[in-house]
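Before any comments, here is the structure.
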Amino acid sequence: MTTDNDSWIEQLRRGGLELAILLAVAPGPRYGLEIIRHLQEFTDLVVTEGTIYPILGRLSRDGLLQAEWQAAAAHPRKYYKLTAAGRRRLKVMVEDWRAFARKIDRLVQAAGKEAANESL
Amino acid sequence: MNLSEAGESRIRGYLFMLESSLRAFMKRELADDAVREVESHIRDRVGETEPMPNERDALNRLLEEIGSPHRLARAYSAEIAVDEAVASGRVGSIARALVAVARNTAEGFAAALGLLLGYLVSIAFLLIAIMKPIFPDNVGVRWRNGEFAGAGWELWLEPGTVVTHGWWLALVSLVVGALLLRATHRGARRYLRRVSARRQARARITGSDTSR
């Protein structure tokens, strides 16, 4: 049972990762490690390097993110920021996310009411 | 922590292995960029890490957390090789993508094996057609002592072998080879498009994609 639940949670996390990454760079440019830390700080999404960098690369190739190397004090870092297409896509994804969550909430509430009625 | 020469050497070795693995399926400039980004990440992490109990153990722990170069390269391969193959449709890109897919799942391995077989068989047919003008007497239907002994191209014919219908066989081989190559290539692109779509669907909350 725990394994089934873990697998479900894993699917949920994986499904939400692209949205989470786009949200992480929405306020301004961030580099890979900053994005990982941001996700860890605001969610329980533990994202590994092997997951995030290939996805950042794909989002850049898809034109949703723009990557730029910037010279930092210690060494150069690759910063990612949303493109106009990325911002549009993020808006749609956030709306979809909220609509989906509302639908599931309604289902949960309906199931709770039905269960309560049956127990009476 | 500030790295000693041994620590620097360990990181260079890690990056070298990563670069070698990435170059197997990525263009040089993409591989170089990915390695540079991972190096930047490692340097950031090293800067935050205390050399506890010693530099060697701390560095090993850090690199283990990041994952082996081979594993990291596999994660890149799944993302990059397939996208590039779907977008370009080039034979080289498709071959790299199939290798990447074959290394990741059993289904991918089976599909890549089937497609490889398709490519090889179609190339074999085309070779028969190509060889006919070069070795006109060695391509065709072979008869030995009046009995059928095979068809195709054979460089060393046994004494008493008669070769007939050479140009017909070359023509049929050319048509069959070209059709089979086209079908295999289209099949490979279709399969990779499906892999790409499945992967993107997994990474998405909903199926809607407004970016394309």
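In this text the structure is predicted, and so the values were computed from the model without any measurement. The chains referred to below are lettered A, B, ... by the order of the sequence lines, with proteins before strands, and numbering in each begins at 1.
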Checklist line | Audit row: Asp44(B), Arg77(A), side-chain contact (heavy atoms from CB on, under 4.5 Å) steps and yes/no | finding: CA-CA 9 Å; Asp44(B) 276 329; Arg77(A) 289 178 179 137; 2.6 Å; yes
Checklist line | Greatest number of heavy atom pairs closer than 4.5 Å to chain A - which of Asp33(B), Val38(B), Leu30(B) | finding: Asp33(B)
Next item on the list: Please say whether more than 12 non-hydrogen atoms of neighbouring residues, nucleotides or ligands are located less than 6.0 Å from CZ in Arg56(B).
Entry: no
Notebook entry, point to check: Is Arg190(B) atom CZ crowded by more than 12 heavy atoms from other residues, nucleotides or ligands, each under 6.0 Å away?
Noted result: no
Item checked: Contact class of Arg71(B) relative to chain A, heavy atoms under 4.5 angstrom -> neither
Notebook entry, point to check: Are more than 12 heavy atoms from other residues, nucleotides or ligands located less than 6.0 Å from atom CD of Gln70(A)?
Noted result: yes
Item checked: Considering all heavy atoms, the nearest Pro76(A)-Ser40(B) contact -> O-OG, 3.0 Å
Margin query: Please classify the contact of Glu39(B) with chain A as side chain, backbone, both or neither, using a heavy-atom distance under 4.5 Å.
Written below: neither
Checklist line | Considering all heavy atoms, the nearest Glu48(B)-Leu33(A) contact | finding: OE2-CD2, 3.8 Å
Note to self: Using a 6.0 Å cut-off, check whether atom CH2 of Trp167(B) has over 12 heavy atoms from anything other than its own residue.
What the structure shows: yes
Notebook entry, point to check: Do Glu37(B) and Tyr31(A) have side chains that get closer than 4.5 Å, going by heavy atoms?
Noted result: no
Next item on the list: Please report the closest heavy-atom contact between Ala75(B) and Gly50(A), naming both atoms and the distance.
Entry: CB-O, 3.0 Å
Checklist line | Side chain proximity check, His75(A) to Arg36(B), heavy atoms < 4.5 angstrom | finding: no
Check: Have Tyr53(A) and His41(B) got a donor and an acceptor in their side chains that come within less than 3.5 Å?
Finding: yes
Checklist line | Flag if over 12 foreign heavy atoms under 6.0 Å of CG, Asn54(B) | finding: yes
Margin query: For Tyr119(B), I'd like to know if atom OH has over 12 heavy atoms of other residues, nucleotides or ligands within 6.0 Å.
Written below: yes
